[in-house]
Structure formats: C-alpha cells, structure tokens
Amino acid sequence: MRTSRSSLRVRLTALLTGAAMTGAALTGALAGTAHAADAPLRDLAAAKGKVMGTAVTGSKLTGTYGEIAAREFNALTPGNAMKWGSVEPTRGTFDWAEADQIVDFAEASGQQVRGHTLVWHSQNPSWLTNGTWTPAQLSGLMNDHIALEVGRYKGRLATWDVVNEPFNEDGTYRQTLWYNGLGADYIAQALTAARAADPAAKLYINDYNVEGVNAKSTALYNLVKSLKERGVPIDGVGLQAHLILGQVPSTLQQNIQRFADLGVDVAITELDIRMQLPSDSTKLTRQAADYKAVMAACVAVARCVGVTVWGFTDSDSWIPSTFPGQGAATPYDENYAPKPAYAAIAEALGGTTTPPTGACTATYSVSSQWNTGFTGQVRIACSGAALSSWKVGWTFGAGQQVTQAWNATCAQTGSAVSCSNASYNGTVPDGGSVTFGFNGSWSGSNPVPVVTLG
Ligand code: 9MR
C-alpha cells in the first residue's frame with residue numbers, strides 16, 4: 001500500500017536532511033575528471049625508476065579491466081596462470097594459454113612480466129603432490145619444471161618468483177614437499193636451475209609476513225645472506241604485503257633497507273590492504289594512508305624496485321573468499337572507480353594532488369517509497385567540466401533490487417548496480433545536468449548507497 005503524501009513528505013524531509021548532512025557519502029565526484037590531469041601511475045612510477053605492477057587474471061583483460069591494467073601499470077604478474085597446477089594439470093600435458101595471453105598482453109602494452117611462481121607448496125598439480133618420489137626424482141621434477149617454464153619465456157620475463165613462501169612464522173622452514181624431500185638445499189637448486197634457464201631474469205624468493213623486522217623476515221635475511229656468500233644466484237626478495245587496515249609495520253622501510261644492504265633488490269609483490277566490510281569513508285581514508293606509507297617506504301630505498309598490487313580492483317581480489325566479511329582491499333572499487341588509495345599511490349609517486357578545477361558529480365536520492373518498493377533517481381551535474389557519456393555505479397547495502405530503469409540502462413549483479421547513459425542523454429554540458437530514474441524493491445531498510453561516477 002502506498003504511503004500517503006503527507007507521511008511521505010515527513011520521510012522525504014528526513015532523507016533529504018540526511019542527504020544534506022552527509023552529502024559526501026551520497027554524492028560521487030567524477031574521479032576520471034580528477035585524474036585526467038594527472039599522469040597514470042605507470043608514468044609516475046617510471047619517472048622515479050620504479051615498477052608499478054598489478055596481478056591479473058587473463059580472461060578479464062578486455063574492456064575496462066584491460067584498459068586500466070594497460071594504462072596504469074608497467075608490470076603484470078599472472079595471479080594464477082603460471083603456477084604448476086595451472087600449467088601442467090596432468091603430468092606431461094601442458095596448458096600455457098592464460099600465461100601466454102598475459103605475456104602477449106604485457107608486451108603489447110609495453111609492460112614487464114613478473115613470473116609467479118615456480119616452487120611452492122600450494123597450487124601444485126595433484127599428480128605431483130599425491131606421488132611418492134625419491135629425492136632424486138623430486139629434484140629431477142623440480143629442475144625439469146623450472147627449465148621448461150623459465151625456458152619457455154626466456155628473454156621475455158623480467159623477474160621470477162622462483163621460491164614462494166619457504167618459511168613458517170617463527171622462521172623455521174615450512175615442511176613442504178620440497179623441504180621434506182630435498183632439505184633446505186631445494187632453494188639453492190631451484191635458483192641455480194632458473195639462472196641456467198634464463199640468465200637475464202631477476203630471481204627472487206617471495207614470502208608473506210616478512211614486511212617488518214620479525215623472526216620470519218630475519219630467517220629470510222639470513223637465508224639470502226648465506227646464499228650470497230655461497231654464490232647461489234639470488235637477485236631479490238619479494239615482500240608480499242597482504243596487509244590489514246591500520247597495520248603497516250613500522251619497520252617496513254628499515255626492513256627493506258637491510259635487505260638492500262645485503263646487495264639484493266627488494267620488491268613489494270602482492271600488496272593489498274583489507275578491511276572489515278562494509279567500507280566507509282573513514283576506513284577508505286585510513287587505507288589510503290596505509291597505501292601511501294607502503295609506497296613511500298619503497299620510494300625511499302633505491303634498491304626497492306617497485307610495488308605490485310594483488311589485483312587492482314575489488315572485483316578481482318582473493319580477499320572476500322578467503323577472509324569472509326573482509327575486502328575492499330585494492331585501489332579501485334568493484335565498478336572500477338578509483339578509491340582514495342589510488343590517489344595516495346599517485347601522491348607517493350610524486351603525482352599531483354591539486355583538486356580538479358571542474359568536476360561532475362552524481363547524486364542519488366529516493367523520491368518515493370512504499371511498503372515493498374521505491375522510486376529513486378540519480379542526477380549527474382557538471383560544473384567546470386563536461387561529459388559526452390557517463391556511467392554510474394553503487395552497491396546496495398540492504399538487499400535492494402532495481403526492477404526497472406528509465407533514461408539509462410541499468411544492470412544489477414548481486415548488490416552491485418551499474419547504469420550507463422541512454423543514447424540521447426550522454427552529454428552533460430558544463431553547468432548542466434541529466435537525471436535518470438528507477439524503481440526498486442526493498443525490505444527492512446532502504447539506506448542510500450554511495451554512488452560513484454566514472
Ligand atoms: O590470488 C591467488 C588466488 O586466486 C588463489 O586462489 C590463491 C590460492 O592460494 O592464491 C592467490 O595468490 C597467492 C599468491 O600466489 C601467493 N601469495 C598469497 C596469494 C594469496 O593467497
């Protein structure tokens with residue numbers, strides 16, 4: 001049953017008052033406008049002699065995802081495509097399709113590739129993990145795998161994460177297929193095999209929870225020191241940096257520096273900073289400060305070659321499935337709108353921070369609401385800027401569902417809504433606005449979402 005006009009007015013007044021008080025939360029500025037004057041991250045990084053990379057999923061490298069990956073980053077790491085379980089699921093049967101695709105894409109985009117990863121305890125094929133191997137067989141399998149995969153991409157990859165995650169938190173060696181079969185020497189063997197297969201690639205050991213000075217990073221430090229002393233080929237250490245909001249280790253720069261002082265390069269290889277969902281402006285501001293601190297620590301040390309984010313968009317992040325209830329860990333939201341973390345990365349790389357002189361904004365409001373349904377509208381207005389087309393997005397926080405839209409094409413996947421202009425109203429002149437409307441269903445509550453324009 002429809003709410004009567006008079007009671008609706010009371011509700012509307014309350015909503016509008018709320019909107020006025022929390023305008024920033026309800027209105028999205030066109031981030032594209034803000035960044036248009038700034039250089040892409042890859043140019044800012046290159047000017048500082050640094051790598052700014054991202055992990056990618058090959059099948060997604062088209063459309064907006066592909067455009068951002070190519071425009072903003074000068075290095076790619078295949079998130080899964082080069083792992084042993086991906087490339088040799090059945091013994092002797094190889095699938096290089098996604099790995100090749102990513103390398104081809106990177107070359108076409110003028111990007112480096114970081115190979116990831118050759119010797120690990122996880123994501124191995126079951127034929128390998130379920131087999132019973134003598135040390136000689138295991139060593140042969142490992143060396144052949146390295147020779148084959150590194151050899152396949154010889155001369156095309158800048159870097160390899162040769163050994164991944166060899167340590168426990170207390171600094172002892174992780175009991176893995178490799179350690180149990182070959183002892184700690186598997187690491188030297190793997191590095192030696194990788195050097196033989198591609199003498200030009202930089203060879204790394206990569207681990208997590210080794211960002212600050214602690215027992216685990218000290219074990220890694222001691223290992224690298226001894227490998228260097230023995231003349232084993234080791235060029236760098238990868239600090240993964242899967243961090244938690246507000247918990248950037250205070251000793252990050254000091255730790256990077258101590259590895260650099262050993263004579264190896266350092267890379268931040270898998271940066272993401274997760275938070276309890278839902279995100280809000282306070283958390284996103286904190287996250288931006290955290291991203292900036294990590295970037296600044298790398299920028300401050302000459303031998304820190306750069307930073308790679310573990311997925312650049314929240315729609316392509318491992319966090320929500322591994323840590324239920326957590327997410328929003330990357331610099332772009334699920335609709336590819338840059339978050340405050342994006343600007344923080346740009347700033348740490350020397351990018352401009354001046355606010356744009358002109359901007360377009362999108363404002364979401366509920367114009368009427370009844371027991372199960374509501375009508376909403378989004379107004380896109382420009383001042384000192386103009387648009388020839390637009391796209392807005394938001395995430396419903398309470399199970400609302402768009403059922404019908406007009407003057408825009410809207411699609412909803414889960415709680416994420418994306419709307420783009422109808423052919424006749426894409427143009428928003430400087431000083432002008434357009435509005436589109438929609439009907440939706442709701443129950444319980446109907447909170448106004450944060451809308452992004454970009
Ligand atoms: O991002 C990867 C995810 O898609 C996989 O499901 C996961 C399986 O362990 O591996 C993720 O990447 C990992 C990386 O290879 C090594 N460091 C930890 C990363 C997150 O798990």
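Because the structure is predicted, anything quoted here is derived from the model rather than measured. Positions are given from 1 along the sequence. Ligands are counted one by one from 1 in listed order, and the atoms in each one are counted from 1 as well.
Residue Trp318 places no N or O, backbone or side chain, under 3.5 Å from any N or O of ligand 1. Where the criterion is an N or O separation shorter than 3.5 Å, residue side chain and backbone included, Trp120 fails it with respect to ligand 1. Between Asn164 and ligand 1, no N or O atom pair is found at a separation short of 3.5 Å.
One option in Gln240, Lys83, Met82 has a heavy atom closer to atom 13 (C) of ligand 1 than any other, and that option is Lys83. Evaluated by nearest non-hydrogen atom to atom 14 (C) of ligand 1, the leading choice among His242, His116, His121 is His116.
Nearest protein heavy-atom contact of atom 18 (C) of ligand 1 is Glu270 OE1, 3.3 Å. Given atom 7 (C) of ligand 1, the protein heavy atom at minimum distance is Gln123 OE1, 3.7 Å. Scanning the protein for heavy atoms near atom 5 (C) of ligand 1, the closest one is Asn80 OD1, 3.5 Å. Given atom 1 (O) of ligand 1, the protein heavy atom at minimum distance is Trp310 NE1, 2.8 Å.
For the side-chain contact (heavy atoms from CB on, under 4.5 Å) with Trp160, the lone residue among Val113, Thr117, Leu191, Leu203 that qualifies is Leu203.
Remark: ligand 1 atoms within the under-4.0 Å shell around heavy atoms of Glu165 are 16 (C), 17 (N), 18 (C).
Electrostatic pairing of Asp104 and Arg156 counts as a salt bridge here, judged by a charged N lying under 4.0 Å from a carboxylate O. Classification of Arg195 and Asp235 as a salt-bridged pair holds, one side-chain N sitting under 4.0 Å from a carboxylate O.
Residues Tyr65 and Phe312 bring their aromatic ring centres within 6.0 Å. Residues Trp310 and Tyr208 place their aromatic rings such that the two centres sit no closer than 6.0 Å.
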Next item on the list: Could you walk me through whether Gln189 and Asn143 pass side chain to side chain contact (heavy atoms under 4.5 Å, CB included), step by step?
Entry: CA-CA 8 Å; Gln189 271 193 49; Asn143 287 320; 3.4 Å; yes
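Figure legend: Arg152 and Phe94 shown without cation-pi pairing, the cationic atom not lying both under 6.0 angstrom from the six-membered ring centre and within 45 degrees of its axis.
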